[in-house]
Amino acid sequence: MAGLQPPRGTHDLIADTMRRHRHVVETAARVTGTYGFEEWATPIFEDTRVFSRTLGETSDVVSKEMYTFEDRGGESITLRPEGTAAICRALVTNGLTQTLPQKVFYQGPMFRYERPQKGRFRQFHQIGAELIGAEGPLRDAEIIAMAQNVLEALGLGDDVVLELNTLGDLASRAAWREALVAYFRDHAEALSEESRARLESNPLRILDSKSEQDRRLLDAAPEFGNFLNEDSRRFWDELRHYLTAFGVKFVENPRIVRGLDYYSHTAFEFVTTKLGAQGTVLAGGRYEGLIEQMGGPAIPAIGWAGGIERLALLLDAPPELPPGIAVVPMGDSALLQAAPIVQSLRAAGFRAEIETRGNVKKRMERVVKSGASHAVVLGDDELARGVVQLRDLSAREQREVAIPELVQALGER
RNA sequence: GCGGAUGUAGCUCAGUCGGUAGAGCGCCGGUUUGUGGUACCGGUUGUCGCGGGUUCGAUCCCCGUCAUUCGCCCCA
């Protein structure tokens, strides 16, 4: 089996890595629970149309990053590249469009065929939340506050900054887009090669360009603020007021543009400078047409997703395991006696293990290294008298305890 | 998909101006199978990422490939 490796961009989650991962998930589930959210799990693969229709044919995710294959029945199947579209599909499939709002938390693997880097993988994991049936900007602000709470609960409140933008409604954005394309067309020779290609596929992306020459053009480009219609402007103003009411600090960043087509109005990212080029740790926005595209009614929604690997990388120390109890039998007859003793400890809810290898000194060394809080030492003398030595490993104190009283004695510590 | 760097024991790394490898840590055992992480003694570990080429001979040079990593694109 030598030489076998996990596929490129995938990784095993083991021991403290898994503990970090689970800590992120459990924290997010707990915090979103305080907002009334409940976890859903949808399949990790879906009919390809769930994604291709909704994310935008020209988005990078759809055009070059999807794991798509034909199954044995000839259906086109795609490993989910993100969670929102699948949650909306599930909402419609399960007839939940009549019982709104739905407050959904989800977590699990996502798949994108990308070049891996630190904090970027082909199979990665996300936590996410969707509030489906979000009547107005109050809800957007609340859901962003919830994201902020999750990050704070993970101890990352000081590591991230919330960047906020509005994409306006469809009419505003269409008008602006038209003006923008016209402007860039006039200056096409001055654009970078990449941005010239984006002019056709995804012109809003040019705003995000890191190229010097593009930046110079951007100063004189049509500003979105001038294209916001009255409804969009009001939404944007109210959003910012509500965010302040929820105690959320933010920085306005007009260059935040979502890569996926379904967003409108609110767009936001929590970013960090600690992960190199992968600075976005959690991001989301409002979407108003997606559920209709899935065959349901037009229902506005707001949601976000966070990268578990990226969040886990930012945690300073992995959460620790609770200390256990080590049962250390000495001699063969003690080994037999150790079985019912260790079982009684487990039945009482303790993490308990039998340590049998090596001489007594080695056993004790291993027990201490394992992080156990107590050792239960069983020798022939004691067993003959129905007692064990209960040793508190941090206090280095030992006392004799009758076997039936062991669980109670440990409970007292 | 594009460009750069890296790849030697479980981990961190050294090394050979080309003669098939080493140190620390870890791990295992011992120092009277009845007691503690720091002591002492001993031991273990490698297709030197993989494939091919040059060479009497390659871990070292060349090519390819895979993986990791940094940046671009894009994104969580």
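This is a predicted model, so every value here is computed, not measured. Numbered from 1 within each chain, the chains take letters A, B, ... in sequence-line order.
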Indicate, with a heavy-atom threshold strictly under 4.0 Å, whether Gly9(A) touches base, sugar-phosphate, or nothing. sugar-phosphate
Pairing of Glu82(A) and Arg112(A) as salt bridge, 4.0 angstrom limit: no
Quote, to the nearest angstrom, the C1' distance that separates rU55(B) from rG18(B). 9 Å
In whole Å, I'd like the distance from the CD atom of Glu365(A) to the C1' atom of rG34(B). 15 Å
Interatomic distance where NZ belongs to Lys369(A) and C1' belongs to rC25(B) [whole Å]: 11 Å
Any chance CZ of Arg49(A) has more than 12 other-residue heavy atoms, nucleotides or ligands included, within less than 6.0 Å? no
Between rG1(B) atom C1' and Gln117(A) atom CD, what is the distance in whole Å? 13 Å
If you count the non-hydrogen atoms of other residues, nucleotides and ligands that lie under 6.0 Å from CG in Asp158(A), is the total more than 12? no
With a 4.0 Å cutoff (strictly under), does any side-chain N or O of Lys361(A) reach OP1 or OP2 of rG30(B)? no
Return yes if the base of rU35(B) and the side-chain atoms of Gln389(A) contain a donor-acceptor N/O pair under 3.5 Å, otherwise no. no
If the P atom of rG10(B) is compared with that of rG49(B), how far apart are they to the nearest Å? 13 Å
Is it true that Glu114(A) and Arg122(A) make a salt bridge, defined as a side-chain N closer than 4.0 Å to a carboxylate O? no
Quantified in whole Å, what is the C1' atom distance between nucleotide rA21(B) and nucleotide rU47(B)? 14 Å
Looking only at side-chain N and O atoms, does Arg366(A) come under 4.0 Å of OP1 or OP2 in rU35(B)? no
Between rU68(B), rC73(B), rG34(B), which nucleotide gets closest to the side-chain atoms of Val360(A)? rG34(B)
Could you give the distance separating rU16(B) and rA5(B) at their C1' atoms, to the nearest angstrom? 23 Å
Separation of rU33(B) atom C1' from Leu383(A) atom CG, nearest Å, is 15 Å
Does Gly128(A) reach a base, just sugar-phosphate, or nothing at all? Heavy atoms under 4.0 Å. nothing
Nearest-Å distance for atom pair CZ/C1', residues Arg8(A) and rU69(B): 11 Å
Parallel, tilted or perpendicular for Phe111(A) and Tyr67(A), by the 30°/60° rule? perpendicular
rA58(B) to rG24(B) separation - C1' atoms, rounded to the nearest Å: 28 Å
Would you state whether a donor and an acceptor, one from the side chain of Arg115(A) and one from the base of rG3(B), lie under 3.5 Å apart? yes
Between Glu400(A) and Arg385(A), does at least one N-O distance fall below 4.0 Å, as a salt bridge requires? yes
Pairwise C1' distance for rG51(B) and rG42(B), with rounding to whole Å: 40 Å
Using atom C1' of each nucleotide, how far apart are rC60(B) and rU54(B) to the nearest Å? 14 Å
Below 6.0 angstrom between ring centroids: does that apply to Tyr106(A) and Trp40(A)? no
Out of rC72(B), rU68(B), rG30(B), which nucleotide sits closest to the side chain of Lys362(A)? rG30(B)
For RNA chain B, which residues in residues 307-315 of chain A have a heavy atom at a distance below 4.0 Å? Gly307(A), Arg310(A)
Counting the atoms with a prime plus P, OP1 and OP2 as sugar-phosphate, which does Phe121(A) contact under 4.0 Å by heavy atoms, base, sugar-phosphate, or nothing? base
For Phe235(A) and His265(A), take the angle between the two ring planes, folded into 0 to 90°, and tell me which bin it lands in: parallel under 30, tilted 30 to 60, perpendicular over 60. parallel
Return the nearest nucleotide to the side chain of Tyr113(A); candidates are rU35(B), rG1(B), rA76(B). rG1(B)
Check whether Thr32(A) reaches the backbone of Phe37(A) with its side chain - one donor and one acceptor, N or O, closer than 3.5 Å. no
Within the structure, does a side-chain N or O atom of Arg391(A) lie under 4.0 Å from either OP1 or OP2 of rU35(B)? no
Assess whether one donor atom and one acceptor atom, taken from the side chain of Glu114(A) and the base of rG1(B), lie less than 3.5 Å apart. no
rC70(B), rC74(B), rG34(B): which one has an atom nearest the side-chain heavy atoms of Glu382(A)? rG34(B)
Counting heavy atoms not belonging to Glu135(A), are there more than 12 under 6.0 Å from its CD? yes
Paired nucleotide for rG24(B) [Watson-Crick or G-U wobble; both distances under 3.5 Å]: rC11(B)
Leu393(A) near the nucleic acid: base, sugar-phosphate alone, or nothing, with a heavy-atom cut-off under 4.0 Å? base
Distance between C1' atoms of rG52(B) and rG71(B) (Å, rounded): 31 Å
When all nucleic acid strands are considered with a 4.0 Å heavy-atom cut-off, which category describes Val368(A): base, sugar-phosphate, or nothing? base
Rounded to whole angstrom units, what separation is found between the CE atom of Met364(A) and the C1' atom of rG37(B)? 11 Å
Nearest-nucleotide pick for Arg112(A), side chain only, options being rC27(B), rG37(B), rA76(B): rA76(B)
